There are 2 protein chains.
Amino acid sequence: MLDKLEMFIAVAREEHFGRAAVGLGITQPTLSAGIKQLEDQLGVQLIFRGSRYGGLTPEGQNALEWARRIVGDARQLKEEMRFKRHGLAGQLRIAVIPTALTWAAKLSAQFSRKHPRVRMTLLSHASSEILSMIEDFSVDAGISYLDNEPVGKFSTAPLYREHYMLVCRSDAPMAARDRVGWHDLDGEKLCLLTPDMQNRRIINQHFLAAGVTPRAGIESNSTVVLIANVEDGDWMTVLPADMARFLCAGKPLCMIPVGDAEAHKTVGLVAPWREPHTPVLKALLTEAGRVSDLSR
Amino acid sequence: MLDKLEMFIAVAREEHFGRAAVGLGITQPTLSAGIKQLEDQLGVQLIFRGSRYGGLTPEGQNALEWARRIVGDARQLKEEMRFKRHGLAGQLRIAVIPTALTWAAKLSAQFSRKHPRVRMTLLSHASSEILSMIEDFSVDAGISYLDNEPVGKFSTAPLYREHYMLVCRSDAPMAARDRVGWHDLDGEKLCLLTPDMQNRRIINQHFLAAGVTPRAGIESNSTVVLIANVEDGDWMTVLPADMARFLCAGKPLCMIPVGDAEAHKTVGLVAPWREPHTPVLKALLTEAGRVSDLSR
DNA sequence: GGGTTCGATAGGGAAAACCGATCATGCTCG
DNA sequence: CGAGCATGATCGGTTTTCCCTATCGAACCC
């Protein structure tokens, strides 16, 4: 039954029987049989399908929530028992929004020093993906924006607030200033993240509030590309302070604070809400509180 | 895995492999193998045992809580899916303290009228047993004292407050009075419930507070015995109002309120805490609120 | 010290789980 | 409009797991 629920969760995640099957390390016929068996056991159809995956039925939606809770609790049981044997050990997978990668590294370094037997995996993902990755057990925790997320099913620990820096060459006209407003960037040549990334959308909102329509001449989903363009051409970009500091190190680039110090998005750790947490997660949340900029 | 957890819960409840096995409808060797397999899977010993059940290990205690949560959620998943198919139907088992049996009947009658397809089972049990019966799924809900119970893992709905009545023959000396104090009963011939029942302990507390040491000449664990003795001999007894009213009907007996109207124990419905509740339980809790004496 | 209770172990038969191969359907693209 | 492809269901056979009966050995109880 438990394995059937895992199958169900996998299919709901992948929206595809074949992919879900390889993800589970079983064959597709086995998976099909498992789902059918689960449906028989519960007496309701869970998945619409005729020659192709067709989404969850309403009952399926409902059952999915229970399945996640049950499977999650079962994993936690195992995790907790392993903790009793081996102490803090095992793997910890964390999905991180790209602009928080430097902070994530800071956290993971600190955590690894304290708990050397825990192997950590940091994955860069869009903030829109992170919550669902937590929900269906693709990762154990995430680092993302805390402000606009549904807070119900997650535990959170704030890490820092995003402050934006304008990055330009040292010989650029702006380089002399020690602070610029969003409106000052009207008409400037900017290279920015692609609009599918939340960081870009946040920056867009700032521009909008300042009555400026940003003209991004170069777009990329990689912060490295942005900085490289700034360095090579006469472009400028806007990045969170830490990321900017990290990428600019040793290069002839200037960082200038943008906008006023207020109203910045909070970035923090997001973990599945569960009472109590696994030992590792508890340790991670504790560590996040310690490393955090925010006195909370 | 889920069935192994059920086995584990059963053994923890029965504290005996053989009994647990028959309760589960399997043989003892199967059960033994199941437990061992669960222990292997979790990598920890759960139960002390050498030729005989020896209690849970600390890890076992911990695992038991998770097992209950997981199995409970799994049952709820099934229950919810069945509800989606058939509406409110199935079985509802309720454990009731003896002195609340008349109230339980009132509740069950009302509930059955509204939801005729739900079969109800009412079991008389001591209040000390009821919570653990709920925890290990022997019953779906209970009716018991709400005041001194750990409230954390249970949902409750108050039904009524216990008011005590002195019951005596119409020709007894006390019969004329319209109210008596606990101290007035000093030295009187009383027949009461046995001291292992919480109702008796509550009455004892009242006596103690009034500086009276009760002399119960006849004790029984059956309220019927108490009333029969009052009717036949020159005994008196003390019972909750509703139960007294029910048992005295049509007999030449008097009921006289005992003590002042304050500080009486609250009796109510107790259900396993779960978010959300099963449809049946939700309906039952609603019904309890409707039938209740207490305007809450 | 014989009888009893309780859980572990051994062995065999039934059930199931799983896989590879194949089929049926619906979609895409030339 | 037809060939090719993608996707999930179905089938047959093999392997694994499950569960029962029978039995054993230790602890317990007069």
Side-chain angles (χ1 to χ4, degrees), chain A residues 1-61 63-64 67 70-71 74 77-78 136, chain B residues 1-61 63-64 67 70-71 74 77-78 136:
Chain A
M1 177 95 191
L2 252 181
D3 44 352
K4 310 293 165 50
L5 292 178
E6 299 223 35
M7 293 184 192
F8 178 48
I9 293 173
V11 173
R13 169 178 57 232
E14 305 286 351
E15 306 192 328
H16 187 289
F17 278 68
R19 271 199 303 280
V22 299
L24 293 168
I26 59 178
T27 59
Q28 172 265 318
T30 302
L31 179 63
S32 280
I35 296 293
K36 167 175 289 201
Q37 201 172 323
L38 182 61
E39 289 181 328
D40 286 350
Q41 237 170 91
L42 296 179
V44 285
Q45 188 177 3
L46 298 173
I47 299 176
F48 290 122
R49 57 193 191 284
S51 92
R52 162 167 318 249
Y53 176 87
L56 300 184
T57 64
E59 293 81 14
Q61 282 291 353
L64 180 60
I70 293 166
V71 169
L77 166 59
K78 288 175 200 158
D136 57 25
Chain B
M1 178 95 190
L2 254 179
D3 44 352
K4 310 292 165 52
L5 292 177
E6 299 223 35
M7 292 182 192
F8 179 47
I9 293 173
V11 173
R13 169 178 57 232
E14 304 286 352
E15 305 191 329
H16 189 288
F17 278 67
R19 271 198 303 279
V22 300
L24 293 168
I26 58 178
T27 60
Q28 172 265 318
T30 301
L31 180 63
S32 281
I35 296 293
K36 167 175 290 204
Q37 202 172 322
L38 182 61
E39 289 181 327
D40 286 351
Q41 238 170 91
L42 296 179
V44 285
Q45 188 178 4
L46 299 172
I47 300 177
F48 290 121
R49 58 194 193 281
S51 91
R52 189 161 293 258
Y53 177 86
L56 299 185
T57 64
E59 293 81 14
Q61 284 290 353
L64 180 59
I70 293 166
V71 169
L77 167 58
K78 289 176 200 155
D136 57 25

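Each chain gets a letter, A, B and so on, in the order the sequences are listed, and its residues count up from 1. Small disclaimer: the values here were computed from a predicted structure and weren't measured.
- Identified under the side chain to side chain donor-acceptor pair (under 3.5 Å) test for residues 31-43 of chain B, with sequence neighbours left out: B:Gln28-B:Ser32, B:Glu39-B:Arg49.
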Scan nucleotides 27-30 of chain D against the protein and return all N/O pairs shorter than 3.5 Å with their distances rounded to 0.1 Å.
unit_1: D:dA27; atom_1: O4'; unit_2: B:Ser51; atom_2: OG; d: 3.4

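- Residues passing the side-chain contact (heavy atoms from CB on, under 4.5 Å) test with A:Ala12, sequence neighbours excluded: A:Leu56, A:Leu64.
- Non-hydrogen atoms lying under 4.0 Å from DNA chain D are contributed by A:His16, A:Phe17, all within residues 2-17 of chain A.
- Between B:Leu77 atom CG and A:Leu38 atom CG the span is 7.5 Å, to the nearest 0.5 Å.
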Could you tabulate the donor-acceptor pairs under 3.5 Å formed by side-chain atoms of residues 2-9 of chain A, not counting sequence neighbours?
unit_1: A:Asp3; atom_1: OD1; unit_2: A:Met1; atom_2: N; d: 3.1
unit_1: A:Glu6; atom_1: OE1; unit_2: A:Arg75; atom_2: NH2; d: 2.8

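- Within residues 53-60 of chain B, no residue has any heavy atom under 4.0 Å from DNA chain D.
- Atoms CZ (A:Arg19) and C1' (D:dA6) sit 11 Å apart, rounded to a whole Å.
- Here chain B contacts DNA chain C (any atom closer than 4.0 Å to a heavy atom, that is under 4.0 Å), and the contacts span C:dT5 to C:dT9 from 5' to 3'.
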- Task: Could you give me the CA-CA distance, side-chain angles and deciding distance for B:Thr57 and B:Val44, then say whether side-chain contact (heavy atoms from CB on, under 4.5 Å) is met?
- Result: CA-CA 9 Å; B:Thr57 64; B:Val44 285; over 6 Å; no
Just distance, no hydrogens or angles: give the donor-acceptor pairs under 3.5 Å from side chains in residues 13-21 of chain B, sequence neighbours left out.
unit_1: B:Arg13; atom_1: NH1; unit_2: B:Asp136; atom_2: O; d: 2.6
unit_1: B:His16; atom_1: ND1; unit_2: B:Gly18; atom_2: N; d: 3.1
unit_1: B:His16; atom_1: ND1; unit_2: B:Arg19; atom_2: N; d: 3.0
unit_1: B:Arg19; atom_1: NH2; unit_2: B:Glu14; atom_2: O; d: 3.0

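- One end of the helix from C:dG1-D:dC30 to C:dG30-D:dC1 points its axis 30° away from the other end's axis, with each axis taken from 5 pairs and the angle rounded to 10°.
- Of the side-chain N and O atoms in A:Lys36, one or more sit less than 4.0 angstrom from OP1 or OP2 of D:dT10.
- No side-chain heavy atom of B:Ile35 sits under 4.5 Å from any side-chain heavy atom of B:Leu46.
- A heavy atom closer than 4.0 Å to some atom of DNA chain C occurs in B:Gln28, B:Pro29, B:Ser32, these being the qualifying members of residues 23-34 of chain B.
- Side-chain N/O atoms of B:Gln37 include one lying less than 4.0 angstrom from OP1 or OP2 on D:dC18.
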